[in-house]
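Input: a single structure, listed below in structure tokens.
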Amino acid sequence: LAPVFDGGSPVVDYQVECSVDGGVSWVRLQRGVSTGLTFTVSSLIRSSEYRFRVAAVNGVGVGPVSVTVIGWTSMVVPSPVRSLTVASVSSSSVMLSWLEPIDDGGSKVIDYVLQVSADQGASWQVYGDGVSVDSSVQVSFLTPGVTYWFKVAAVNAVGVSVVSSVVTAKTLAIPPVKVAGLEVTNISSSTMLLSWAATSFDGGSPVTSYQVQVSEDNGLSWHVLAVTDPTQQSFQVTGLQAAKTFTFKVNAINQAGISLDSNTVSAATKPTYASSVTGLKIDSASNDSIQISWLAPVFDGGSPVVDYQVE
């Protein structure tokens, strides 16, 4: 308010002084010459104490100062987190780090809130890492081969800051999940049909092929029989020996490697005709008989010879 008595000379100005050290020292604020009864003091430090006093000026000089008033600037949310960076990536986790806000808003940072998106930022979820002022976090339990988006905000007693810039990271792919449902059908004396279900998870990288392996010694040793197209979940095995047991397994392959073995299946080819006899010859002859002989077949077709037909 204006002075009750102007000293007999009109008031021509007001001098406003400020103290930031509890009134020990005072600084005159530069507001120009004005008889206005209000003044906005700007560019102050948040959450700080300021003391003010005012003196009226007339043609004689500067009058006595007013009583001192004390004010506190308010706190605000922190400025954004800086330099959010992807430090490392694995198949199931991403390590992030960042720099603290330049301005804590006048209230110390008490937490950082990390948000994660797996759909290019269309939706976000808060990552539950508890309350922490650490400027790094390992985001775990992620899916292999997926691109994730991340952003961080700082928290103080007032609230949550504007979020940081967004960073992205793609988790590393892993070999596919093992093939299931391998079975054998359509068995003949020399062929079998193998079929299986596509892998339930490609490991974050498309399946490039399926590998078919066969064993002729009940699984003691294996060799690759075929590598099929990724869209093909069956394989016709040909050229097998009749009446023999074969064991099979299948693996899915992607750019990260080869899956664990599927279930194994065993099946025996059906028997077939015996091979031709050899060494047929005439041993002796008389006026009314001829004796002939021959050698047994090299291969009995997988079933013992029970008779010979002589024509």
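Heavy-atom basis, side chains included; hydrogens, waters and symmetry copies ignored.
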Counting only heavy atoms not in [X], do more than 12 sit closer than 6.0 Å to its [atom1] atom?
{"X": "Ile282", "atom1": "CD1", "result": "no"}
{"X": "Ile45", "atom1": "CD1", "result": "no"}
{"X": "Asp111", "atom1": "CG", "result": "yes"}
{"X": "Gln120", "atom1": "CD", "result": "no"}
{"X": "Lys108", "atom1": "NZ", "result": "no"}

Does the [X] side chain pair with the main chain of [Y], one donor and one acceptor, at a distance under 3.5 Å?
{"X": "Ser97", "Y": "Ser136", "value": "no"}
{"X": "Thr171", "Y": "Gly145", "value": "yes"}
{"X": "Ser188", "Y": "Thr191", "value": "yes"}
{"X": "Ser266", "Y": "Thr247", "value": "no"}
{"X": "Thr85", "Y": "Ser83", "value": "yes"}
{"X": "Ser215", "Y": "Ser221", "value": "yes"}
{"X": "Thr168", "Y": "Tyr148", "value": "no"}
{"X": "Ser9", "Y": "Gly59", "value": "yes"}
{"X": "Ser140", "Y": "Ser93", "value": "no"}
{"X": "Thr73", "Y": "Ser48", "value": "yes"}

All salt bridge (Lys or Arg N to Asp or Glu O under 4.0 Å) counterparts of Glu49, not counting sequence neighbours:
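Checked Glu49 against salt bridge (Lys or Arg N to Asp or Glu O under 4.0 Å); matches are Arg51.
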Linked, directly or transitively: [X] and [Y] (ILVMFWY side chains, under 4.5 Å):
{"X": "Val237", "Y": "Val214", "value": "yes"}
{"X": "Val76", "Y": "Val160", "value": "no"}
{"X": "Trp26", "Y": "Tyr14", "value": "no"}
{"X": "Val20", "Y": "Phe39", "value": "yes"}
{"X": "Val81", "Y": "Val166", "value": "no"}

Heavy-atom distance under 4.5 Å between the side chains of [X] and [Y], does that happen here?
{"X": "Tyr210", "Y": "Asn251", "result": "no"}
{"X": "Val167", "Y": "Leu96", "result": "yes"}
{"X": "Leu37", "Y": "Leu1", "result": "no"}
{"X": "Val94", "Y": "Val86", "result": "yes"}
{"X": "Pro80", "Y": "Ser164", "result": "no"}
{"X": "Pro144", "Y": "Phe201", "result": "yes"}
{"X": "Val126", "Y": "Val113", "result": "yes"}
{"X": "Phe246", "Y": "Ile187", "result": "no"}

Could you walk me through whether Asn254 and Thr208 pass the side-chain hydrogen bond (donor to acceptor under 3.5 Å, both in side chains) check?
CA-CA 5 Å; Asn254 67 6; Thr208 56; over 6 Å; no
What are the two closest heavy atoms between [X] and [Y], and how far apart are they?
{"X": "Thr35", "Y": "Val11", "answer": "CG2-O, 3.5 Å"}
{"X": "Gly159", "Y": "Pro78", "answer": "O-CD, 4.0 Å"}
{"X": "Pro3", "Y": "Ala56", "answer": "CG-CB, 3.6 Å"}
{"X": "Pro230", "Y": "Val207", "answer": "CB-O, 3.2 Å"}
{"X": "Ser259", "Y": "Pro176", "answer": "CB-O, 3.1 Å"}
{"X": "Thr245", "Y": "Ala268", "answer": "OG1-CB, 3.6 Å"}

Under 6.0 Å from the six-membered ring centre of Trp222 and within 45° of its axis: does the NZ or CZ of Lys249 meet both?
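Here Lys249 passes the 6.0 Å and 45° test against Trp222.
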From [X] atom [atom1] to [Y] atom [atom2], the distance as rounded to the nearest 0.5 Å:
{"X": "Ser234", "Y": "Leu194", "atom1": "OG", "atom2": "CG", "answer": "8.5 Å"}
{"X": "Tyr127", "Y": "Leu114", "atom1": "OH", "atom2": "CG", "answer": "8.0 Å"}
{"X": "Ile290", "Y": "Ser284", "atom1": "CD1", "atom2": "OG", "answer": "9.0 Å"}
{"X": "Tyr50", "Y": "Trp72", "atom1": "OH", "atom2": "CH2", "answer": "10.0 Å"}
{"X": "Thr238", "Y": "Leu225", "atom1": "OG1", "atom2": "CG", "answer": "8.0 Å"}
{"X": "Trp149", "Y": "Gln115", "atom1": "CH2", "atom2": "CD", "answer": "13.5 Å"}

Please list all pairs meeting salt bridge (charged side-chain N to carboxylate O under 4.0 Å, His left out) that have one or both residues in residues 125-144, counting only residues at least two apart or in different chains.
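Of all non-adjacent pairs touching residues 125-144, none passes salt bridge (charged side-chain N to carboxylate O under 4.0 Å, His left out).
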Does any pair with a residue in residues 12-37 pass salt bridge (charged side-chain N to carboxylate O under 4.0 Å, His left out), and if so which ones, sequence neighbours excluded?
Glu17-Arg53
Thinking salt bridges, do Glu100 and Arg82 make one under a 4.0 Å N-O criterion?
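Looking at Arg82 together with Glu100, the answer is no, because their closest N to O distance does not fall below 4.0 Å.
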Val310/Ile292 under side-chain contact (heavy atoms from CB on, under 4.5 Å): CA gap, chis, key distance, verdict:
CA-CA 10 Å; Val310 180; Ile292 61 176; 3.9 Å; yes
Does the pair Val65 and Phe52 meet the rule for a side-chain contact (heavy atoms from CB on, under 4.5 Å), with working shown?
CA-CA 10 Å; Val65 295; Phe52 302 94; over 6 Å; no
Aromatic contact, Trp196 with Phe235 (centres under 6.0 Å):
no
Apply side-chain contact (heavy atoms from CB on, under 4.5 Å) to the pair Leu240 and Met192, showing each step before the final yes or no.
CA-CA 8 Å; Leu240 300 177; Met192 297 179 183; 4.0 Å; yes
List the steps, then state whether side-chain contact (heavy atoms from CB on, under 4.5 Å) holds for Asp104 with Asn156.
CA-CA 7 Å; Asp104 65 6; Asn156 66 6; 5.5 Å; no
